[in-house]
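First the structure, in the form of structure tokens, and then the observations on it.
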Amino acid sequence: MAQNSPRANHDVVIIGGGHNGLVTAFYLARAGHKPLVLERRPQPGGAAVTEEFHPGFRCSILSHSAGPLRPQIISDMQLEKHGLKMLATETSLAALSPDGRALIFYDEVNKSAKEIAGFSSKDAPRFVDFQQALARISSPIADLMAVTPPNIDEPSKGDVWEMLKTGRALRGLGKKDLYRLLRWGPMAVADLVSEFFETELLRAAVAARGIFGTFLGPWSAGSSLALLLRAAGDPHPVGTTQFAAGGMGALTQAMGSAAQQAGAEIRCGVEVIEIRVKDGVATGLILSNGEEISARAIVSNADPRRTLLGLIDPIHLAPNFVAKLQHYRMPGTLAKINLALSVLPTFPALSAERKHALAGRIHIGPDIDYLEHAFDDSKYGNFSSHPVLEVVIPSLTDPQLAPSGRHVMSIYVQYAPYKLKNGDWESQRTHLCDTVIKTLAEYAPDLPKSILHHQIITPKDLEDTYGLTGGHIFHGELALDQFFTMRPLLGWARYRTPIKNLFLCGSGTHPGTGLTGASGANAAREILKDLRGK
Amino acid sequence: MPNSKYDVIVIGGGHNGLVNAAYLARAGKKVLVLERRYVLGGAAVTEELYPGFKFSVFSYVVSLLRPEIIRDLDLPRHGLEILPLDGTFTPMPSGDYLWRVNDHGKTHREIARHSKTDAEAYDEFGKAMQAMCRFVKPILSMVPPDPSTLNPRALMKLLFLGKRFRGLDIEDQYNQVQLMTMSAVDFLDQWFETDVLKATMSASGIIGTFLGVRSPGTAYVLLHHYMGEIDGAFRSWGFARGGTGAISNAIADAAREAGAEIRTEAGIASIIVKNGSAKGVVLANGDEIYANVVSSSVDPRLTFINFIEKGNLPDEFLDEISRYKFRGSSGKVNLALDALPDFKSLPGVGPHLRGAISISPSVEYMERAYDDAKYGNFSRRPYIDMVIPTLTDTSIAPPGKHIMSCFVQYAPYKLRPGTNWDDQKEAFGDNVINTIAEHAPNIKDIILFKQVLTPLDLERDFGLSEGNIFQGELSLEQLFFLRPVPGYAQFRTPIKNLYMCGSATHPGGGIMGAPGRLAALEILKDYSGSA
């Protein structure tokens, strides 16, 4: 698909072919524009890609389970028609305890409750309450995700209308749930889960969702907001688990195909090194090969810091805007390890009739103190000596990922702070991998001897290879001060930038939580408004 | 209730209870204040713990006391005199120090010694914080609206807040949002690079909370403390002549002058509730006293769980009260000294001893102190805020002798399983002295008397549940219309004629008096309508 375009003049150019860039491209193309997507890597997909990391072993290199992609986007893009096949797993999550027990969560709430009853008869009904409350309370947030944050200084009629709609949705919650939403948002997720549950393993499994990918521990205020944001896409307390057949790359492949069919062009292996600005207006791009492309509008799927501080001569931006963007917080805390395995490892906690739970996600981080201790290490610039792990073995559900009888294991590791106090990631990467394998071996003793190959992706790799500044998978912390009208910056939450004709469409814009595609869809709507206005 | 002897009974003679009583008495109500202890003031008391030495036992500096209260109650006439507290001195283990004073030029030069850019940023920061204080201050004097009602007046209030916010320029809006949501250190990181400066400034963001300087939400507490104001000057702190108890005494005096009756050693056993309405109280000695209104300045746990018989409150409300977070995190060590401490980093007796002395040498030090507390231990190396009020107020100790007041954090109320505060108290006190000795080695030789207060002591002696000095954490989910619990932020309770007027209500703790005043105004509103 990467052919040099003979045209130098373009209608709209999109920098970066991550999932949001592809969603934006699709909607722009569907409206009759001819967007050109420029992707630096050999294939589009950003952080949702499948690669062969060892001969015969393929895996979702980063994002490893399908996040809550907005249903509207799936149907608009007709992703199934473009080859996307989702594979549901029977269990969503298995939380393992060092005492050899496991708590298995199912998609169906009553099945989970039954399992929880084995730990605490009090917690079982409370889990049902919690799941229902989460669904109700997160639903106005889900509505908000599809909305462009209002212009707070001069709200337009449309903004006022949207705010009224949101206000009505909030009132629809009723007094109790409205107050819950207001109270939960700024809370520490550890407090929230202990208001509901007494079982540590259950508390930790739910809390882990509030801290995933953030520089927060379960005791950090605001970690409940991260949980609510994730619940807005999927109200299951620990999240459901779905794989794309062929790995996450299949999802973005389908998106790319949908965008192309709608009229978008995708060029891979081309790196944008500068956005040309003249008199405060973005006019075109310069590629690393020296090629120049002029465009009517430029949309960046890259994160806000990379876009505005990395690709633009600072002379075009007000100094205090630059200063604020420099303080936009993107401290990455995740690393990823992918393993090629000769055999399926044995988890004694998930053996015999409980073996089916290996197909879902496996959570390592048995109690709140464990999670918090793991966070403590990262505060002082060390990776966790006992990390929090989210493990999947996608080859159980999707055998085509590995040779027959063999498996791939994909592990998210937290906390691995981008900035290390001692040494750099190049010198620490093997040490990190050893720590992870050692931690996991406590739950699956035969794992180490089944490893054929490992791939280690540190936060530095996330930045260098995947263009995620600071190694932050969400393009910036999901915190109260970087949320909604403040994402990425107060006054600049409407997908526009101080440079005319330059837009943002990545996760660094509202709502920016994982693989929802909402940022891309919202951005496309705003861009179309401006393009029509011309 | 024609048989009632009193219009209003105020439970608790702390500063808020007294302010509440004074405003009600001035409005012509017949008010009775009941204080459990022999002395008035709650946590704002002066006691002679050692012959000749008058200690501000817990609360030791003042700045947040609302100017309208000082004016309305004419407190200076009742003996209130505030003496300025100048500067903050932070000794560092490296042998260096940071010493900020009220003199702008001096502080500028001092900070420039650490970082030139920080010295410039310090001025900018001060200006920005003043703008924020101007924005937030009216909210302190406002009864929080209920966002869940459709009542047009409540909605107008919310709209008013929105309008005021939009009235700020974009820079200030930006700062305001960050202050409400960020951690103190993240906020300060945007301005400063000097570690010791950030550590010392961030300390005011954690006082009285079970949060670390890197915990989101602490920037607000920083602002809360920044709002200190004496005679209209922002960011000034002081001592009350005669100790903190002198403030309580002045307020009590004003209340009495207005006609309030105040009884000490009159702890209550319960609140009398009949048909969903408060009728009076039963004292610990069994006496019953009736009133039309009961106003409680003690915290919600004492008020609703200890003093009210089960069955009088809806379960849902009790659930909310049981979720309300106290989690005391601080202790206090009071010392009577034979001489002045001598700091290694700035030896000798000098003006640096006249202000606050802060043991907060680095952000990591502060954060590690918090880590200890998270897992149920007192900080091995705590944050300590010390003052030597005898250098400013010679009336409280014999000539040549001194008092040193040390506020210590973290001392978590809940210690890890297997340990308790009665066993840990001595070790805690010794640990504080050892920490001070690292900076001022002569401290151990000059101690004449030592009082150690743990969070458990604060609970038992001062009636502060879980030893929380603010009657409940100042965390975002417990502020404004969520304080103390959702739906009951307007000083009223599910029980008719029972009100709350303590620090557990908006706008919270510190010697501010605002809850007591606002509650009095709300009581008077209802009273004129019904009685």
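Since the structure is predicted, the reported quantities are computational estimates derived from the model, not experimental observations. Values below: every heavy atom of this structure, side chains too, minus hydrogens, waters and symmetry copies. Every chain is numbered from 1 and lettered A, B, ... according to where its sequence line falls, protein lines coming before strand lines.
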Heavy-atom side-chain proximity of Pro216(B) to Ser220(A) below 4.5 angstrom | yes
What residue in Met182(B), Glu320(B), Arg323(B), Met180(B) has the most heavy-atom pairs under 4.5 Å with chain A?
-> Arg323(B)
Take Glu364(B) and Lys421(A) through the test side chain to side chain contact (heavy atoms under 4.5 Å, CB included) and record every step on the way to the result.
-> CA-CA 12 Å; Glu364(B) 180 165 335; Lys421(A) 190 178 189 178; 3.4 Å; yes
Below 4.5 Å from any heavy atom of chain B, which atoms of Arg329(A) appear? Answer side chain, backbone, both or neither.
-> side chain
Kindly compute the distance separating CG (Leu211(B)) from CH2 (Trp219(A)), expressed to the nearest 0.5 Å.
-> 10.0 Å
In terms of heavy-atom pairs under 4.5 Å with chain B, which of Gln482(A), Lys175(A), Arg183(A) leads?
-> Arg183(A)
Any idea which of Leu489(A), Asn320(A), Leu216(A) has the most non-hydrogen atom pairs under 4.5 angstrom with chain B?
-> Asn320(A)
Polar contact flag, side-chain donor to acceptor under 3.5 angstrom, Asp481(A)-Tyr174(B) = no
Between Thr485(A) and Gln173(B), is any pair of side-chain heavy atoms under 4.5 Å apart?
-> no
Side chain, backbone, both or neither: which part of Lys176(A) has a non-hydrogen atom closer than 4.5 Å to chain B?
-> side chain
For the residue pair Lys325(B) and Asp191(A), establish whether any side-chain heavy-atom pair is separated by less than 4.5 Å.
-> yes
What part of Asp186(B) lies closer than 4.5 angstrom to a heavy atom of chain A: side chain, backbone, both or neither?
-> side chain
Residue Glu316(B) versus chain A: region with a heavy atom under 4.5 Å | side chain
Does a donor on one side chain sit under 3.5 Å from an acceptor on the other, for Asp376(A) and Tyr370(B)?
-> no
Is it true that a side-chain atom of Tyr179(A) and a backbone atom of Leu482(B) form a donor plus acceptor pair closer than 3.5 Å?
-> no
Starting at CG of Asp369(A), measure out to NZ of Lys374(B) and round the result to the nearest 0.5 Å.
-> 9.0 Å
Leu173(A) portion near chain B, given a 4.5 angstrom heavy-atom threshold = neither
Point-to-point distance, once rounded to the nearest 0.5 Å, from CD of Glu477(B) to CZ of Arg180(A) = 14.5 Å
May I ask you to check whether over 12 heavy atoms, not counting those of Asp169(B), lie within 6.0 Å of atom CG?
-> yes
Regarding Arg368(B) and the six-membered ring of Tyr380(A), is the cationic atom NZ or CZ under 6.0 Å from the ring centre and inside 45° of its axis?
-> yes
Engaged part of Leu182(A) at the chain B interface, taking heavy atoms whose separation is under 4.5 Å | both
Between Lys324(A), Glu195(A), Gln326(A), the one whose heavy-atom pairs under 4.5 Å with chain B are most numerous | Lys324(A)
Point-to-point distance, once rounded to the nearest 0.5 Å, from CG of Leu490(A) to CD of Gln178(B) = 9.0 Å
Quick one: what part of Phe165(B) sits under 4.5 Å from any heavy atom of chain A, side chain, backbone, both or neither?
-> side chain
State the CG-CE distance between Leu476(B) and Met187(A), to the nearest 0.5 angstrom.
-> 11.5 Å
Distance col, row Lys379(A):NZ vs Arg214(B):CZ, nearest 0.5 angstrom, shows 8.5 Å
